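Since this is a predicted model, take the numbers as computed values, not measurements. As a basis for the values below, the full set of heavy atoms in this structure was taken, side chains included, without hydrogen atoms, waters or symmetry mates. Here is the naming used below: chain letters follow the sequence lines, and residue numbers restart at 1 for every chain.
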Amino acid sequence: MAALKDRTRYDPSEVEPRVLERWLSSGLFHPAPDGTATENYSIAIPPPNVTGSLHMGHAFQDTIMDALIRRHRARGRRAKWILGTDHAGIATQTQVEQMLAAEGSSRERLGREAFERRVWEWRAQYGGKIIGQLKRLGASCDYHDERFTLDPAYAEAVLKVFVALYEKGYIYRDRYLVNWDPGSRSAISDLEVDDIEVTDTLYYIDYPLASGSGAITVATVRPETMLADVAIAVNPSDARYERLVGESAILPLVGRRLQIIADEHVRPDFGTGALKVTPGHDPHDFEIGRRHRLEQISVIWEDGRISEAAPERFRGLTAAEAAQAVVAELRDQGLVTRIEDYRHAVPFSQRSGERIEPLVSLQWFMRMDELAAPAIEAVRSRRVRFHPASNASVYLNWLENIRPWVLSRQLWWGHRLPVWYRRGETYVGVEPPAGRGWERDPDVLDTWFSSALWPFAALGWPEQTPELRAFYPTDVLVTARDIIFLWVARMVMMGLEFTGEAPFSDVHIHAIIQAPDGRRMSKSLGTGIDPMDLMEGGPRPPVFEQGGEFPAYGADALRWGLLAMSSTQDVKFSEEKIGQGRQLTNKLWNAARLILLGVGAEARAEARPARIEDRWILSRLHRAREEVSGRLEGYDFAHAALALYDYIYAELCDWYLELVKPRLRDGEPEVQATLLYVLTETLALAHPLIPFVTEEIYAYLPGAEGLLAGRVEGARPPQDEEAERVLGRTIEAVQAIRRWRDQAGLKAGARVSGRLEAPGFEQTSEHLSRLARVALVDDGGAAVASVPIEGGTLEVISADGFDPAAASRKRAAERERIERELARVRAKLANDAFVEKAPAAVVEAERGKLARLTAELEAL
RNA sequence: GGGCGGUUAGCUCAGCUGGUAGAGCGCCUGCCUUACAAGCAGGAGGUCGCCUGUUCGAGUCAGGCACCGCCCACCA
């Protein structure tokens, strides 16, 4: 490692791996399971898929959680970030199946046991990837205590919950219309379905009336499902069909008699106002069928082909082929009376991308209303709080209209249902049933079922482990809006049911980061940005106008940038913000170099304010601490990040370090101690957001022990109103003089002398003189110019290269500006209504402004 | 159809309980001032989507309108 003196730029690629190693070997991230959950702080990570690698959403979310965890660790709380991965049923199974397909094999060929072994092997090989990436980001998870949702203990918790809910009567088996995904050959839940707009053909088909006179015309986009029609429905108030209700029609191609029934669901104004009822293949028809006790016929089987319930000539065709064949026959018979394009939303599987085939099948369901009630109450009563609060209504709205949950999935990878059958019997239990002839249900549970138990099952429930006592309930759940239903609501329900407590008291819903062009970040669209490429350098994806490579921004820059981007609304990814984060790390690094290379070896951090600027920076540090920690605790990460940035740039570096440079050069002990104190506290303040660079600098502090990551914050530095006033005045004066210099045409190095005709600069006139580059004289005759500063003026006696024309232009402009403002203030004060009704303080402020502006104008 | 959010500087975004608009990037000018040129100093740039209203005073509050996101529920 090069000497500090030569490390003029902060190099994250060199520093971060080294710092990470020190953290990991310290044991700091693995708190002892002591104390109570109230004393301690914990967050359960939304367990990433084992198949996954870190994407931008993870990086963002994990940065937020890490900032919270590190912040609370610094407050002296035992902080545990509960870590683990999710087996992610469909996603994982699909990946392994693809791999098998590439080898020319398949899961069917392997058989269930061998396939499951294969997935475990695959997981052992690739499952650790995302954990390594979390470390790279600096996430201070408890890596010594990693869970997997298929671990034996976890699996037992899952089965126990299933059995308990079954025994309560919430879980049941039923024939029901489900979303069948022909791609994964499994039922999936409503939440795993995306509606996509497509253009279908709407066919108008005549169904001859059984009476022999005339026909009733129906409209459909799925002609093949007519083979499963069991009725025709019309709206009871539809006069056109009133006399037909109760009659029958004959289903073409099949010959079945279809009753004509009346049902409110049918819209008279759509199509012909007559609906073919197909309870076996349409959700609404299914409901109509239940209301009218109609038969359910399934002509499409789970492989997407026509079943034996259809006339023989259609059997075995795919649904699409059958549609063509059906239409062709109907045409031959002259029954297709009209064809039109029809644009509508159609469900597709999020997983396989295939069009959902609604099918009636035998599945396990869970009734949700009993569990929903307490979960609603928990949010209503604000025992569980959403941030931002508007998300609570999204949650409540869903729970209040909750529907049964299809639990079973026709997959091999997951928690297999603890259900056995023997002839007509069904057995449900954690342990297999005694006796011979039992066969276990082949289905597995929806992955979200096990995810719902995460906060407590990850801590060892149902065992009453020390971890559960110490860290459950957790403090906050951090996640995105899109899984409020899939996950958040279900965790609350399960937590309340099985532990009697909500699994967290706060839910922070963060923004979703979109691609720079405003589209969703997604691999398939090519809009994804790999956070690893930002940290370590890598190609810019095509969504960026600018091509080439990302520089290796490092983890801190990425983290700061993501936090600064965060918002209550969705945000476009901004590389500039990451760049700004890098600037900040470099700035802090160099500020530290200035201090560390300037202090003596025996200097120690201690606040020893000897002059007013010392009191000022301590007071500003106090405020920055309040601001940053307050913002973090209010889940306002963007403001936390920006407040930190402003403090470091605008207060510490631009002013304080510049102010004390001469004293540092002179080797003054007080300022050395104070600088080290301020640096240490600044590092501590910044650490939750930019942990690597702060930890690296901390190691250089003379006398520093241990790790910054494990340091508990000390007392707050004192606030000092007077120092803030005096320095504030001085800073403004320096800026005013600099502005004047620039606009009066002076060269950068031009010498200026002047007389200060304003009170309040007694303690800072040296600073004013040096930073504004003005030699202050006690007198010296007539002024060539006058610069207004607070409480008076700086009378400029002489200035090299002074351009009277430029100065008078500047003066004129200034006068104009003041006069404009003055006019406004005067008008306001002349308004009786304002003086009478506005609060006294506001009126007073306007009067003060009037006096100040008048004085300034006079000075000109 | 219902819900949530948005519309502020060229770009990306801040603006708390109403008191004459801010940041970063970009742009312009000047500086290699021995921590940092990935830097420093200074500057230009906005009738805050539109219309009404409340108010002494409205990006800020209320109502309406227009666009733009996202979520939920959807008519074959």
Side-chain angles (χ1 to χ4, degrees), chain A residues 4-5 8-10 190-191 195 200 202-203 218-222 225 233 265-267 269-278 282-285 342 344-345 347 388 390-391 393-394 397-398 401 481-482 484-485 511-512 514 516 518 520 551 557 561 564-565 567-577 579-580 582-598 638-639 642 645-646 650 653-654 657-658 661 664-665 734-735 738-743 746-749 770-773 820-821 824-825 828 831-839 841-843 845-846:
Chain A
L4 187 57
K5 189 173 186 310
T8 58
R9 286 178 187 176
Y10 175 65
D190 289 341
L191 296 171
D195 288 337
D200 274 331
L202 186 62
Y203 298 93
V218 301
T220 181
V221 293
R222 306 265 336 251
T225 64
H265 166 79
V266 183
R267 291 193 36 171
D269 55 338
F270 187 90
T272 61
L275 171 70
K276 68 191 240 348
V277 182
T278 322
D282 182 276
H284 302 284
D285 294 9
Y342 180 62
H344 64 152
S390 57
N391 292 289
S393 58
V394 175
N397 196 36
W398 186 74
N401 298 294
R481 253 192 335 270
D482 52 356
I484 290 178
F485 313 137
I512 291 171
Q514 300 163 336
R520 232 186 132 70
M565 260 177 251
S567 168
T568 51
Q569 58 171 323
D570 290 349
V571 288
K572 297 189 181 80
F573 178 82
S574 150
E575 188 180 344
E576 286 75 30
K577 280 282 192 291
Q580 203 182 337
R582 182 176 57 164
Q583 313 289 59
L584 178 65
T585 57
N586 192 54
K587 192 71 174 174
L588 185 57
W589 173 252
N590 276 295
R593 282 179 63 239
L594 173 71
I595 296 167
L596 293 168
L597 295 171
H639 282 106
L642 291 169
Y645 182 95
D646 284 344
C653 293
D654 289 351
L657 294 183
E658 293 302 331
K661 266 180 184 174
L664 184 61
R665 258 181 230 135
V734 169
Q735 286 171 330
R738 281 173 177 168
R739 209 174 303 135
W740 177 84
R741 292 177 61 108
D742 211 57
Q743 290 171 355
L746 271 64
K747 286 221 184 301
R770 184 167 55 86
L771 295 178
R773 301 197 186 183
R820 237 187 349 242
E821 222 174 309
R824 225 169 279 165
V825 175
K828 215 168 184 182
N831 182 349
D832 292 340
F834 172 74
V835 179
E836 270 173 45
K837 297 190 180 175
V842 174
V843 177
E846 289 298 321

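- Rounded to an integer number of Å, the gap from CZ of A:F834 to P of B:rC56 is 12 Å.
- The residue A:Q743 sits close only to the backbone: its heavy atoms come under 4.0 Å of sugar-phosphate atoms, none of a base.
- For A:K837 and B:rU54, the shortest distance from a side-chain N or O to OP1 or OP2 is not below 4.0 Å.
- Under 4.0 angstrom from either OP1 or OP2 of B:rC36 there lies no side-chain N or O belonging to A:Y10.
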I'd like a list of close polar pairs between nucleotides 24-33 of chain B and the protein, N/O only, cut-off under 3.5 Å.
residue : atom : partner : partner atom : Å
B:rG24  : O2'  : A:Q580  : OE1          : 2.8

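- B:rG59 shows a glycosidic angle within 90° of 0 and is accordingly assigned syn.
- Using bins of under 30°, 30° to 60° and over 60° for the plane-to-plane angle, the ring pair A:W398/A:F485 lands in the parallel bin.
- Look at CG on A:L594: it is 14 Å from C1' on B:rC40, rounded to the nearest Å.
- Each of A:L594, A:I595, A:L657 was compared with A:L664 under the side-chain contact (heavy atoms from CB on, under 4.5 Å) criterion, and only A:L594 meets it.
- Summarising the geometry, the separation between CG on A:D285 and P on B:rC74 is reported as 13 Å, rounded to the nearest angstrom.
- Taking atom P on both nucleotides, B:rC40 is separated from B:rC25 by 9 Å, rounded to a whole Å.
- Using a 4.0 Å heavy-atom cutoff across all strands shown, A:R582 reaches at least one base atom of the nucleic acid.
- An OP1 or OP2 oxygen of B:rC36 is reached within less than 4.0 angstrom by no side-chain nitrogen or oxygen of A:R9.
- Evaluation of the side chain to side chain contact (heavy atoms under 4.5 Å, CB included) rule for A:E846 yields A:V825, A:K828, A:L829, A:F834, A:K849 as partners, not counting sequence neighbours.
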- Task: Under the side chain to side chain contact (heavy atoms under 4.5 Å, CB included) rule, what do A:L746 and A:W740 come out as? Steps first, then yes or no, please.
- Result: CA-CA 9 Å; A:L746 271 64; A:W740 177 84; 4.1 Å; yes
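- Nearest heavy-atom pair, A:L275 versus A:V218, reported as atom, atom and distance to 0.1 Å: C-CG1, 4.3 Å.
- Using P as the reference atom, B:rU52 and B:rC68 are 24 Å apart when rounded to the nearest Å.
- Take A:D482 and apply the side chain to side chain contact (heavy atoms under 4.5 Å, CB included) test, not counting sequence neighbours, and it matches A:A480, A:R520.
- Taking for each of A:T8 and A:H265 the nucleotide of RNA chain B with the nearest heavy atom, the 5'-most of the two is the partner of A:T8.
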- Query: Given the rule that a pair is Watson-Crick or G-U wobble with both distances under 3.5 Å, how would you write RNA chain B in dot-bracket, using | for pairs to a different strand?
  - Reply: (((((((..((((.....[..)))).(((((.......))))).....(((((..]....))))))))))))....
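- The separation of B:rA35 from B:rG69, taken at their C1' atoms, amounts to 45 Å, rounded to a whole angstrom.
- Across the protein-nucleic acid pair, A:D832 atom CG and B:rC56 atom C1' stand 10 Å apart, rounded to whole Å.
- A close approach under 4.0 Å does occur between a side-chain nitrogen or oxygen of A:K661 and OP1 or OP2 of B:rA35.
- The base of B:rA41 lies outside donor-acceptor range of the side chain of A:E658, with no N or O pair under 3.5 Å.
- Closest to the side chain of A:F485, out of B:rC72, B:rA41, B:rG69, is B:rC72.
- The nearest pair of heavy atoms linking A:K577 to A:A564 is CD-CB, 3.7 Å.
- Atom CG of A:D482 is separated from atom C1' of B:rC71 by 10 Å (rounded to the nearest Å).
- The NZ atom of A:K572 sits 5 Å away from the P atom of B:rU12 (whole-angstrom rounding).
- Scanning for salt bridge (charged side-chain N to carboxylate O under 4.0 Å, His left out) contacts around A:D200 gives A:R355, with sequence neighbours left out.
- Comparing B:rA38 with B:rC48, their P atoms are spaced 39 Å from each other, to the whole Å.
- As judged by a 4.0 angstrom heavy-atom cut-off over every strand, A:G561 is placed among residues making no nucleic acid contact.
- Taking atom C1' in both B:rU7 and B:rA14, one finds a spacing of 15 Å when rounded to whole Å.
- Defined by atom type and a distance below 3.5 Å, a donor-acceptor pair is present between the side-chain atoms of A:K276 and A:T278.
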- Given protein heavy atoms under 4.0 Å, the one-letter contact record of nucleotides 4-10 of chain B, with B base, S sugar-phosphate only and - none, is simply SSS----
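- Residue A:Q514 places its side chain closer to B:rG69 than to any other of B:rC13, B:rC56, B:rG69.
- Residue contacts for A:N397: at a heavy-atom cut-off of 4.0 Å it reaches no nucleic acid atom on any strand shown.
- Within 4.0 Å (heavy atoms only), A:P388 reaches no atom of the nucleic acid at all.
- No side-chain heavy atom of A:F573 sits less than 4.5 Å from a side-chain heavy atom of A:Q514.
- Nucleotides B:rG57 and B:rG19 place their P atoms 15 Å apart, quoted to the nearest Å.
- Rounded to a whole Å, the CZ atom of A:R481 is 10 Å from the P atom of B:rC72.
- As rounded to whole Å, 10 Å separates atom P of B:rA37 from atom NZ of A:K587.
- Only the P atoms considered, B:rG6 is 13 Å distant from B:rC13, to the nearest whole Å.
- Separation of the C1' atoms belonging to B:rA62 and B:rG2 is 23 Å when rounded to the nearest angstrom.
- Within the 4.0 angstrom heavy-atom criterion, no nucleotide atom of any strand lies near A:V835.
- Residue A:R267 places none of its side-chain N or O atoms closer than 4.0 Å to OP1 or OP2 of B:rA76.
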